[in-house]
Amino acid sequence: MALQEKYAQLLTAAQTHGVENLSVAEQNGVLHVSGTAKSTADYDALWALYSQIDPNMASGDLMMNIDIKADTGAQLKVTTDSTSLNIRSTPTTDGEIVGKAAHDEVVTLVEKTDDSWWKVRTAQGEEGYAYAQYLSPM
Amino acid sequence: MKLTQIAMAAALLITIAFTSCKPKDSEIKTNVEAALKTDMKMANTMVDVNDGKVTLSGECTDEACKAKCESTAAGVKGVKLPVINNLTVAAPMVTQPTPASTTTVLDAATQQKVKDGLKDIKGVTVVFTADKAVITGEVTAANRMKIMQMLSAAKVQSDVSGLKDKK
């Protein structure tokens, strides 16, 4: 219960933002929060709250497994720092690079392979797997 | 000699007092059990009486039931207070759903995901313990956020206490 109190503001915000399939459970001293945020803005807001409640997010007592709602065909913006995002033949960095998407380029979601890798298609028609961390649903 | 007589009389009285107490325990036990039987929830409580001291044991459905058993027993005539309440409360029936975000094994594929996610973030190193990714180095606030988001997406618990802010 104590952790739910610590992160009460965050949990309230998740509800206010309408996070879908919101699930909250405490296990072995870690609060697990999962669900699907409606937008990248909601997602960012929740993470900002997390870093505000737990400075540097260093306590290791929250696992915020929240993804952003994106259906097949959704437009995704490449959010690398400046470099291009590699698009690979398999969902691992061992996969052969089959294409690249530039910083700020928009690609189309083909399939959410898992939480870390998504299959995407570029405007040029290159299709492959890219690291989901660098893709923001628009 | 008179003193000896008084002492003997006193000793006799004490003996009578104690022996007359003994059979009372079973009586108390019967009375406590009868009192507890008035409520179905308390009916299965086990009662032990020793010199008027009551010990309750067994399992209760909840805390309220446990407290009620104690107060009920305490109210029975001849019971010496406090009542020893060794009742346990049964675990609630509701099972907690397994959180969707727990990963217990840091298998090779998961470790690879973390390494992939850190590939483009300079100045950090990761080592894996049995259940955590221990990340050290120096990062900007923005990259710290990225690392935490990446770990959460990969469902990996982390120790970032050694991750310092880049000046």
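Each chain gets a letter, A, B and so on, in the order the sequences are listed, and its residues count up from 1. A quick note: this is a predicted structure, and the numbers were derived from the prediction, not measured.
- Heavy atoms of other residues, nucleotides or ligands lying less than 6.0 angstrom from CG of A:Asn28 number 12 at most.
- The distance from the CG atom of A:Asn65 to the NZ atom of B:Lys155 is 5.5 Å, given to the nearest 0.5 Å.
- A:Met63 CE to B:Met148 CE: the interatomic distance, rounded to the nearest 0.5 Å, is 8.5 Å.
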Report task. Would you sort out whether B:Met150 and A:Tyr131 count as a side-chain contact (heavy atoms from CB on, under 4.5 Å), showing the intermediate values? Result -> CA-CA 10 Å; B:Met150 181 273 296; A:Tyr131 206 76; 3.3 Å; yes
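- The shortest non-hydrogen separation linking A:Tyr134 to B:Gly117 is OH-O, 3.6 Å.
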Query - Verdict with supporting geometry, A:Asp81 and B:Lys146, salt bridge (Lys or Arg N to Asp or Glu O under 4.0 Å) - result: CA-CA 11 Å; A:Asp81 279 343; B:Lys146 272 188 191 164; 2.7 Å; yes
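- In this structure, B:Leu81 is a member of the same hydrophobic cluster as B:Leu87, with clusters built from ILVMFWY side-chain heavy atoms closer than 4.5 Å.
- A salt bridge does not link B:Asp116 to A:Arg88: none of the charged side-chain nitrogens sits closer than 4.0 Å to a carboxylate oxygen.
- Criterion: ILVMFWY side-chain heavy atoms under 4.5 Å apart, direct or through other members. Under it, B:Leu106 and B:Val134 are not part of a common hydrophobic cluster.
- By the 6.0 Å contact criterion, CD on A:Gln75 is enclosed, its count of non-hydrogen atoms from other residues, nucleotides or ligands being greater than 12.
- Looking at B:Gln149, both its backbone and its side chain come within 4.5 Å of chain A, counting heavy atoms on both sides.
- Note on A:Asp114 versus B:Lys113: salt bridge recorded, some NZ/NE/NH1/NH2 to OD/OE distance being below 4.0 Å.
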Report task. May I have the step-by-step check of side-chain contact (heavy atoms from CB on, under 4.5 Å) for B:Asp165 and A:Asn56, ending in yes or no? Result -> CA-CA 9 Å; B:Asp165 288 323; A:Asn56 277 353; 3.5 Å; yes
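- Contacts between B:Lys115 and chain A at a heavy-atom distance below 4.5 Å are absent for every atom of the residue.
- At least one side-chain heavy atom of A:Met57 sits under 4.5 Å from a side-chain heavy atom of B:Met145.
- Note on A:Val110: it does not cluster hydrophobically with A:Val98, by side-chain heavy-atom contacts below 4.5 Å among ILVMFWY residues.
- By the neighbour-count criterion of 12 heavy atoms within 6.0 Å, atom NZ of A:Lys100 is densely surrounded, having more than that number from other residues, nucleotides or ligands.
- When the shell of 6.0 Å around NZ of A:Lys112 is examined, it contains more than 12 heavy atoms from other residues, nucleotides or ligands.
- Annotation: B:Lys29, atom NZ; neighbour count of heavy atoms from other residues, nucleotides and ligands within 6.0 Å is above 12.
- Interface remark: A:Ser51 contributes side-chain atoms only to the contact with chain B (heavy atom separation under 4.5 Å).
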